[in-house]
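To start, the structure itself, in structure tokens.
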Amino acid sequence: MSKVVLNATMSLDGFMAGPDISVEQPMGRGGLRLHEWIFNASTSDVDAAVTQEVSASTGAVVLGRRTFDVGVEVWQDTPFPVPCFVLTHDPRGRLVMKSGSFTFLTGDVKSALRQAEAAADGKDVTLMGADIAQQALRAELLDEINLQIAPVLMGEGRRLFDHLGTEHIELERTRILASPHVTHLRFQVTYARNAPSGGAPTQGLDG
């Protein structure tokens, strides 16, 4: 059965991209600093193993339209060689790339994940972009967070875990690895519906 997984890198103060995100600066101003560990993965067995693990386990991707708009020219392909589903208010026809395709969906995150899970053939559905991650968390549909903490305080930019409401979302840490470039953390997400009786009420689906 597919898991819905967020793989993301953020600064120690919680930013997953710098300010002023655009086609010219897909990671925002100064945001490439967060991904230096990927560029340097060949110098660390730990980082190389995590990168390979993410690639091998991904069977489909769900991303937002802004992530697609600023990323597609950089990737010149799909971000992973798998079916990719773009959640958008502005539909367009399916876009076939070298290694996979982008399908544009106008429903909610639940329907997008349902289609992605069908395409993933038992592998993980990987989320890309802060907004998609936040929607999945609010809808209680995210199973696992694989988080890379870069050793930097960015001070400003796009926060990964904004707009989640005020209820606690409990996490069970299931792995921690470290290299000179980044700390890798893996968490299983525990929602109120799975908590003992008396836990906080669940949050509804974001439309």
Side-chain angles (χ1 to χ4, degrees), residues 1-10 16-17 21 23 26-28 31 34-35 38 50-51 53-148 158-165 169 171 186-189 191 202-207:
M1 183 176 179
S2 295
K3 292 181 298 183
V4 178
V5 177
L6 170 64
N7 291 292
T9 301
M10 75 178 190
M16 54 86 67
I21 296 170
V23 173
M27 286 295 298
L34 296 172
H35 286 174
I38 299 175
V50 170
T51 301
E53 178 184 78
V54 171
S55 179
S57 64
T58 295
V61 173
V62 175
L63 63 158
R65 183 61 185 261
R66 181 166 72 164
T67 302
F68 168 81
D69 286 342
V70 301
V72 67
E73 290 300 320
V74 177
W75 304 323
Q76 291 291 302
D77 199 354
T78 49
F80 293 88
V82 298
C84 296
F85 298 86
V86 182
L87 196 56
T88 177
H89 297 294
D90 183 22
R92 57 174 288 181
R94 183 167 173 264
L95 178 62
V96 178
M97 307 297 281
K98 290 176 292 186
S99 303
S101 63
F102 291 102
T103 300
F104 297 83
L105 305 174
T106 57
D108 58 20
V109 68
K110 184 174 183 178
S111 64
L113 289 173
R114 188 181 301 119
Q115 293 188 56
E117 288 170 353
D121 195 25
K123 290 189 174 183
D124 293 345
V125 174
T126 291
L127 305 185
M128 293 184 65
D131 185 59
I132 289 295
Q134 292 159 15
Q135 288 186 55
L137 276 167
R138 290 195 299 267
E140 302 190 354
L141 296 172
L142 182 60
D143 298 310
E144 188 174 279
I145 299 173
N146 288 333
L147 192 61
Q148 281 61 244
R158 174 73 159 150
R159 288 192 182 276
L160 181 56
F161 295 120
D162 267 345
H163 313 301
L164 295 178
I169 300 173
L171 307 174
R186 178 187 288 168
F187 299 94
Q188 181 177 333
V189 186
Y191 297 104
T202 61
Q203 299 177 33
L205 175 68
D206 176 70

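Quantities reported herein were computed from a predicted structural model and do not represent experimental measurements. What you see below is based on every heavy atom in this structure, not just the backbone, and it leaves out hydrogens, waters and symmetry mates.
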Is the Phe68 ring parallel, tilted or perpendicular to the Phe104 ring (thresholds 30°, 60°)?
perpendicular
How many angstroms lie between atom CD of Gln115 and atom CG of Leu87, to the nearest 0.5 angstrom?
10.0 Å
Backbone of Arg186 reached by a side-chain donor or acceptor of Asn146 within 3.5 Å
no
Where is the tightest heavy-atom contact between Phe85 and Ala60, given as atom of each residue plus distance?
CE1-CB, 4.4 Å
Which atom of Arg94 lies closest to which atom of Ser101, heavy atoms considered:
NH2-OG, 3.2 Å
N/O donor-acceptor pair under 3.5 Å between Asp143 side chain and Lys3 backbone
no
Please examine the side chains of Met10 and Leu34, heavy atoms only from C-beta on, and report whether any two atoms are closer than 4.5 Å.
no
Closest heavy-atom contact between His163 and Arg138?
O-NH1, 2.8 Å
Would you say Leu147 and Leu160 make side-chain contact, with heavy atoms under 4.5 Å?
yes
Got a second to check how far Thr103's OG1 is from Arg92's CZ, nearest 0.5 Å?
11.0 Å
Below 4.5 Å, heavy atoms only, C-beta onward: do Leu95 and Met97 meet side chain to side chain?
yes
Can any side-chain N or O of Glu144 pair as donor or acceptor with the backbone N or O of Val189 at less than 3.5 Å?
no
Heavy-atom pair with the smallest gap, counting every atom of Ala116 and Val62
CB-CG2, 3.6 Å
Candidates Ile132, Val109, Val125, Leu137 - the one meeting side-chain contact (heavy atoms from CB on, under 4.5 Å) with Leu142:
Leu137
